[in-house]
Amino acid sequence: MSAPPEASTEYSRGSKGSEPLLAPGSAPVSEGTERAGTPVLAVALTAALGALLILVSQFTALYQVHVANSSAAIKTVGTGANHAWAPIPIALLAAALAFAVYRKRSRTALIALAVLGIVTLLIALLGDLPDAHATGIVGSGASQYSEGTSTPSAGLYMETLGAILLLISGGVGLLLLGAPRRLPGAAQEPPSQAPERILRRLVLHREQEPPAQP
């Protein structure tokens with residue numbers, strides 16, 4: 001028993017009405033695309049966290065100086081003041097690169113994040129770490145001289161952790177993106193055809209040259 005034409009028409013209209021509407025020129029979002037965006041978001045957030053740690057560490061104590069006859073610190077040195085606030089521009093640039101990674105999945109931004117992480121790590125390990133574990137004579141001629149020892153504070157650990165996070169986000173992000181994709185229309189020419197192509201161009205150039213005047 002077949003359905004009347006009116007019922008078939010109504011059914012076809014209902015089926016069309018249930019289809020999702022897409023903007024002109026837009027592609028449907030697949031489940032694979034959404035899954036691929038989650039690791040990129042995690043990489044960008046890791047880089048942003050590293051930049052935040054580096055920035056905050058510049059305004060915290062790098063190390064404190066103690067003497068043997070006193071339990072209180074006689075001197076506190078800030079992280080930023082110990083190296084002329086150099087990591088602040090690094091942190092701001094890293095935050096901008098993290099946003100570029102999230103929006104455009106830029107390989108250049110990921111490489112730059114790794115480089116900034118290495119630079120900040122070198123500042124922390126070669127510049128700040130020796131000062132945070134130094135020993136020496138403190139005091140003046142007017143007061144009593146005594147042996148002082150510096151102990152690291154939160155600024156050193158925050159700066160080092162932020163640098164490591166930048167380095168990890170850059171390296172892991174490059175592994176997630178993989179090798180650069182070749183354009184669909186750009187076919188690679190076999191090496192064996194390169195001499196033939198050059199020879200054809202030379203022959204064509206010779207044919208197009210005007211004849212020599214007698």
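This structure is a prediction, so every number in the text was calculated from the model and none was measured.
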### Query
Between the main-chain N or O of Leu165 and the side-chain N or O of Thr46, is there a donor-acceptor pair closer than 3.5 Å?
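Such a contact is absent between Thr46 side chain and Leu165 backbone.
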### Query
Is there a donor-acceptor contact under 3.5 Å from the side chain of Ser150 to the main chain of Asp131?
yes
Side-chain touch [X]/[Y], heavy atoms, less than 4.5 angstrom:
X: Phe59; Y: Ile88; answer: yes
X: Asp128; Y: Thr79; answer: yes
X: Ile54; Y: Leu166; answer: yes
X: Pro89; Y: Leu92; answer: no

Which atom pairs, donor and acceptor, lie under 3.5 Å between side-chain atoms of residues 96-103 and protein residues at least two apart or in another chain?
none

Would you compute the distance between atom [atom1] of [X] and atom [atom2] of [Y] and round it to the nearest 0.5 angstrom?
X: Leu161; Y: Thr120; atom1: CG; atom2: OG1; answer: 12.0 Å
X: Leu121; Y: Leu125; atom1: CG; atom2: CG; answer: 4.5 Å
X: Leu167; Y: Ile164; atom1: CG; atom2: CD1; answer: 8.0 Å
X: Ser57; Y: Met158; atom1: OG; atom2: CE; answer: 6.0 Å
X: Thr60; Y: Leu156; atom1: OG1; atom2: CG; answer: 9.5 Å
X: Asn82; Y: Ile123; atom1: CG; atom2: CD1; answer: 11.0 Å

Restricting to non-hydrogen atoms, name the atom on [X] and the atom on [Y] that form the minimum distance, rounded to 0.1 Å.
X: Leu113; Y: Gly170; value: CB-CA, 4.4 Å
X: Leu177; Y: Arg105; value: CD1-O, 3.5 Å
X: Ala61; Y: Thr76; value: CB-CG2, 3.6 Å

Joint cluster assignment, [X] & [Y], ILVMFWY side-chain distance < 4.5 Å:
X: Leu175; Y: Ile168; answer: no
X: Ile90; Y: Trp85; answer: no
X: Val115; Y: Leu53; answer: no
X: Leu45; Y: Leu49; answer: no

### Task
Mind checking side-chain contact (heavy atoms from CB on, under 4.5 Å) for Tyr157 and listing every partner two or more places apart, or none if nothing turns up?
Pro152
